[in-house]
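Have a look at the structure below, then the notes.
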Amino acid sequence: MAIIFIACHKNNDEVPQPDPNKPTPDKPIPDNPKPDNPKPNTPTNAYLYGITIDDSWEETGVTVQQIVSAIKAMPVKPTVRIVMSKGTAIVNYKPLFSAVHQVAYVMATPADSEDMKKYTNVDSYVKRFQDSYKELSAYTDFWEVGNEINGEGWMGDNPQFIADKAYGAYKFIRSKNAKTVLVSYYFKPGDQKVTMEDWLKRYIPEDMKKELDYVLVSYYEDDNGNYQPNWQEVFNNLESIFPKVKLGIGECGNNDYKKYSVQSKVERAKHYYAMPKYVKNYVGGYFWWYWVQDCVPHQNSEVFKAINSSIKQTLK
């Protein structure tokens, strides 16, 4: 995937050259966003600063306006992953997608890993993306074609079948010239029969390896005995599998937002959102899972402050 920037200037001597290893800040979010333009944004930021909204936010009593206000208070225009549940009508997501799209880039996740088993054939999985695209493409900038794709057990028992479903969704989204995202699942050594890297090598088709836009990694310390991966090694390995694909972190945070202390969340947020640029194609991501629950209302949220301060640190 190529990102092209066109600038007019007299000569290179007159224009400061940017640091290639430094994230590029995006346009500030306006205080009064214009009515939603019914077409995807064109992302101008090489880095992704991600946050996640899943359906459980509705249990908190938070309003969509509070979510929008919190997004507007962030130091950059973020990418908001909206995770859709199979049991909720796709059209019901349109108000949320539309509101968020006015102030952020949007990444749609039509099928969370928890729902993968419910799609009993490739066609039903692809149809989920076709239907989602029909209703939500005007408000969506990225499409997650597979979530935690290599997870063993809860995803199903046939890895080739799981990969085939993701490939079908990928082919459909790519046919629409939309941006494709694959999220893999990392785990402490020995927790699954096949390593994440070997699974991706074995089951992701060659054309998908070359033409995906993003491969992001989901990781939760809470599920892995607080094991700390060697992220430099992880991304070196991913770069060898996907040399032309943008890489980053696809999920982080806690597996239960009620269970852990604010201080532990603050430390974890700082750890992820201030990560260095591990490899040439590393683009951040992070996508704190319980962002609404931990950060909205934002005015007095220590986790919100930690995420924002860490983002600012990467921009210095």
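- Aromatic pair Tyr49/Tyr47: ring centres closer than 6.0 Å.
- Distance check, rounded to the nearest 0.5 Å: SG of Cys295 to CG of Asn300 gives 12.5 Å.
- Using a 4.0 Å cut-off between charged side-chain N and carboxylate O, Arg268 and Glu221 make a salt bridge.
- The aromatic rings of Trp291 and Phe304 lie tilted to each other, with the angle between the two planes from 30° to 60°.
- A salt bridge is defined here as a Lys NZ or Arg NE, NH1 or NH2 lying under 4.0 Å from an Asp or Glu carboxylate O, and Glu267 with Lys270 fails to meet this definition.
- With sequence neighbours left out, Tyr125 forms a ring pair (Phe, Tyr, Trp, His ring centres under 6.0 Å) with Tyr119, Phe129.
- The distance between the ring centers of Trp143 and Tyr133 falls below 6.0 angstrom.
- Taking the six-membered ring for Trp and the full ring otherwise, Trp154 and Tyr185 have centroids separated by under 6.0 Å.
- Between Tyr219 and Trp231, the ring center distance clears the sub-6.0 Å criterion.
- Under the 3.5 Å distance criterion, with hydrogens and angles disregarded, a donor-acceptor pair is assigned to the side chains of Glu148 and Ser218.
- The only option from Met155, Arg128, Met84, Lys86 that meets the side-chain contact (heavy atoms from CB on, under 4.5 Å) definition with Asp115 turns out to be Lys86.
- Contact check on Lys117 versus Asp157 returns no salt bridge, with no Lys/Arg side-chain nitrogen under 4.0 Å from an Asp/Glu carboxylate oxygen.
- For the pair Lys265 and Asp294, the salt-bridge criterion is met [side-chain N within less than 4.0 Å of a carboxylate O].
- Looking at Glu211 and Arg174, a side-chain N of the basic residue comes within less than 4.0 Å of a carboxylate O on the acidic one, giving a salt bridge.
- Classification of the Trp199-Tyr203 ring pair by plane angle, with boundaries at 30° and 60°, yields tilted.
- Across all their heavy atoms, Lys188 and Asp223 have their closest contact at NZ-O, 4.3 Å.
- Across every non-hydrogen atom of Asp222 and Gly253, the tightest pair is OD2-O, 4.1 Å.
- Centroid-to-centroid, the aromatic rings of Tyr139 and Phe97 stay 6.0 Å apart or farther.
- In the model, Asp55 has a side-chain atom that pairs as donor or acceptor with a side-chain atom of Ser85 under 3.5 Å.
- For Ser261, the side-chain hydrogen bond (donor to acceptor under 3.5 Å, both in side chains) partners two or more places apart in sequence, or in a different chain, are Ser264.
- Taking the six-membered ring where tryptophan is involved, the planes of Tyr286 and Tyr273 are tilted, since the angle between them lies from 30° to 60°.
- Between Asp131 and the options Leu136, Val126, Ile90, Val91, a side-chain contact (heavy atoms from CB on, under 4.5 Å) holds for only Ile90.
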